[in-house]
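These notes concern the structure reproduced below.
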Amino acid sequence: MTSLPLIPIAPDAPAARRAAMPPRHLADLDLAGRQALVTELGEPAFRAKQISTHYFGRLVRDPAGMTDLPAATRDRLAGALLPTLLTPVRELACDDGATRKALWRLHDGSLVESVLMGYPDRVTVCISSQAGCGMACPFCATGQAGLTRNLSTAEIVDQAVYLAGVAASGAVAGSPPRLSHVVFMGMGEPLANYSRVIAAIRRLVAPAPDGLGLSQRHITVSTVGLVPAMRRLASEDLSVTLALSLHAPDDELRDELVPVNQRWKVAEVLDAAWDYAAQTGRRVSIEYAMIKDVNDQPWRADLLGRLLAGKLTHVNLIPLNPTPGSRWDASPKPVEREFVRRLRAAGVSTTVRDTRGREIDGACGQLAAAEDNDTDAPQEATA
Ligand code: SAH
């Protein structure tokens, strides 16, 4: 690459703010906020708990299914608290139904994706935090189209609630019916939509009926490395898992692959990652897409090994999922194996991510989740 793309770095950038946000939804508010709103609407406060129990506890999103609410109340509350945020456009399944990708249309016509992945011991959803993305990573399909807008808190949460309902219906054969893990690895840069993503995480971890009741450590936030936002995340009372999309151990190449590196260099971003690990006690996951003859050289494995040795970290190598028209390809398996060998020789815990959902479209590989970052159930390396 000769010219480097310019990227908007400011969180909640003006262009994103101007774009049309969706109507308010109960998942935008915590339980106290819902109670205040319900009271304003002239209903008793306990209705907030009732409707929240349907949504978060029973995963009922359609007001028609909330039959314990009087019809008039239901209409009034549904109008104010349950607008339709996500309209399914397409749902695709692969891996014998264990992987399901959903494409949604939002109220303004924007399209976003989520993926549901079933495993014998867990169910994971991979969700989007923005329509499009402003980070301009040249190997990523979402990065090519630019940012349309930030998603609202409820648009983020509703992806998980919808797919939790799909899982609860038994649609993912051979997996538990209960959603357990959420990864912010769909479209968008979560830390560029900071306040809404944090509010969404709070909804995901709050016990029902306030929220979905997931465990904090089962939530993974993946970032290109917005250093001030990483530091802010470390100061929240949340210990979610942080994944850093590194993709190169040297500034020269990372400036090209992850253009935000022009602002925050490898050393700075890793410092912020180690501070996050120290603050939360959580192992930081380093994401590294293996791109043939671009970032897969043995010397880069050795350099990466030196940067990571002795740290509270784990490397996920992701075979590149080539985007349409891309000049780049995935590294050959023997090259990948040598890369893994060198990292492990440096004492760095390393796995190669499985490529769930490849045949249900290009973006799926990039949406594939960080299954392997969970210390409860480390995934076997495929290399
Ligand atoms: N913006 C966040 C989350 C988005 S994508 C981030 O960059 O971390 C989740 C992961 O998929 C990131 O590590 C991203 O770099 C990676 N990815 C994107 N496109 C890919 C592709 N074509 N092949 C493999 N991994 C890809």
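Small disclaimer: the values here were computed from a predicted structure and weren't measured. Counting convention: from 1, in listed order, for ligands and their atoms alike. These values consider heavy atoms only, across backbone and side chains, with no hydrogens, waters or symmetry-generated copies.
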>> Would you say R34 and S52 are linked by a side-chain donor-acceptor pair, where the criterion is simply a distance under 3.5 Å?
In response: yes

>> If you count heavy atoms of other groups shown closer than 6.0 angstrom to NZ of K265, is the number above 12?
In response: yes

> Angle class for the Y288/F339 ring planes (parallel below 30°, perpendicular above 60°, tilted otherwise)?
Replying inline: tilted

Per-atom contacts, ligand 1 versus [X] - under 4.0 Å to a heavy atom:
X    : answer
C140 : 18 (C), 19 (N)
T223 : 6 (C), 8 (O)
E287 : 13 (O)

>> Heavy atoms only: which of P319, G186, S222, S129 lies closest to atom 4 (C) of ligand 1?
In response: G186

> To which of H247, Q130, E189 does the heavy atom nearest atom 14 (C) of ligand 1 belong?
Replying inline: H247

Can an N or O of [X] be found at a distance shorter than 3.5 Å from an N or O of ligand 1?
X    : value
N321 : yes
R353 : no
S245 : yes
F139 : yes
G188 : yes

> Got M230 and L226 here, is their nearest side-chain heavy-atom distance under 4.5 Å?
Replying inline: no

>> Considering only residues two or more places apart or on different chains, which pairs with a residue in residues 224-235 satisfy side-chain hydrogen bond (donor to acceptor under 3.5 Å, both in side chains)?
In response: R231-D275

>> P63 and side-chain contact (heavy atoms from CB on, under 4.5 Å): which single residue from I51, L69, L81, L82 fits?
In response: L82

>> My understanding is that only residues two or more places apart in sequence, or in another chain, count here; which of them pass side-chain contact (heavy atoms from CB on, under 4.5 Å) with A345?
In response: none

